[in-house]
Amino acid sequence: MKNVGRTLLTISLLLSGCAVAQADDVKAGDLVISQAWSRATPGGAKVAGGYLTIENKGTAADRLVSISADIAGKAEVHEMTMDKGVMKMRALDKGLVIDPGKTVKLAPGGNHLMLQELKGPFKQGDKVPVTLQFEKAGKVAVSLDVQGVGAQAPGDGGHMMKKMPDHSGMKM
């Protein structure tokens, strides 16, 4: 009976870590967009970040020139930089270049999508549709998978599995 309890606990823990679905890769011309995600927003929040990876499998550069989303009154491609110990954020007015054979990752603390004037909250488990406008690949529809408020990467759901205590010696 002890083994059955341990087995059920192990299965439960594994399934809870796998509950968050990942966004599908989207191919547009020579570009592959993957790991598109955002975080749940606290009540009343009017801004949210969007994160994704863009791989250019072609021989010519492309440029992410703009973004749009029905849920936001304003959407921009942003960069974050440190200047004398102060973090600064600004819109990339000329867009973001994706060089041939390179991968660009938009992630917390770096380049990202900035959705402003939100018309509603982002809730964990939601899919938020956005449209990316590329210079060569054109308009590309992508869905951001909404993770937990504190998520640091797609699929972590806002809780850190690696920080869970080791229960391997627990008796049931």
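When all heavy atoms are compared, the tightest approach of Trp37 to Pro154 is NE1-CD, 3.3 Å. Among all heavy-atom pairs drawn from Ile71 and Pro121, the shortest one is CD1-O, 4.5 Å. Listed here is the closest heavy atom pair of Pro129 and Ala69: O-CB, 3.9 Å. For the pair Asn56 and Asp99, the tightest heavy-atom approach, listed with the atom from each and the gap, is CB-O, 3.3 Å. The heavy-atom pair separating Gln147 from Ala151 by the smallest distance is CB-CB, 3.4 Å. Between Asp25 and Ser34, the closest heavy-atom pair is OD1-CB, 3.0 Å.
For the pair Lys94 (side chain) and Leu96 (backbone), a donor-acceptor distance under 3.5 Å is absent. Between the side chain of Ser38 and the backbone N or O of Gly49 there is at least one donor-acceptor pair closer than 3.5 Å. The backbone N or O of Asp70 sits less than 3.5 Å from a side-chain atom of Lys119, completing a donor-acceptor pair. At least one donor-acceptor pair closer than 3.5 Å links the side chain of Asp62 to the backbone N or O of Ala137.
Within the 4.5 Å cutoff, no side-chain heavy atoms of Val77 are placed close to those of Asn111. In this structure the side chain of Leu132 reaches within 4.5 angstrom of the side chain of Leu52, judged on heavy atoms. Counting heavy atoms from C-beta on, the side chains of Thr41 and Arg39 never come closer than 4.5 Å. Under the 4.5 Å side-chain criterion, counting only non-hydrogen atoms from C-beta, Lys88 is not in contact with Arg90. Taking the side chain as every heavy atom from C-beta outward, Ile67 and Leu115 approach each other to under 4.5 Å. The side-chain heavy atoms of Arg63 and Val97, taken from C-beta on, include a pair separated by under 4.5 Å. Put simply, the side chain of Ile33 does not reach to within 4.5 Å of the side chain of Ile98, judged on heavy atoms. Looking at Glu79 and Thr81, their side chains come closer than 4.5 Å, going by heavy atoms from C-beta outward.
In the displayed structure, Lys27 atom NZ is contacted under 6.0 Å by more than 12 heavy atoms of other residues, nucleotides or ligands.
Of the listed residues (Leu118, Asp145, Val146, Val142), just one forms a side chain to side chain contact (heavy atoms under 4.5 Å, CB included) with Val128, and that residue is Val146.
The other members of the hydrophobic cluster of Met114, by chain and number, are Val47, Met80, Met82, Met87, Met89 (side-chain heavy atoms under 4.5 Å, ILVMFWY only).
Taking the six-membered ring for Trp and thresholds of 30 and 60 degrees, His78 and His112 have ring planes more than 60 degrees apart, a perpendicular arrangement.
Partners of Lys74 according to the side-chain contact (heavy atoms from CB on, under 4.5 Å) rule, which considers only residues two or more places apart in sequence or in another chain, are Glu76, Gln116, Glu117.
For the atom pair Ser66 OG and Lys139 NZ, the distance stands at 8.0 Å (nearest 0.5 Å).
Each of Leu92 and Val65 belongs to its own hydrophobic cluster when Ile, Leu, Val, Met, Phe, Trp and Tyr are linked at side-chain heavy-atom distances under 4.5 angstrom.
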- Item | Test log, rule side chain to side chain contact (heavy atoms under 4.5 Å, CB included), inputs Leu113 and Leu64 | CA-CA 11 Å; Leu113 308 176; Leu64 174 58; 4.3 Å; yes
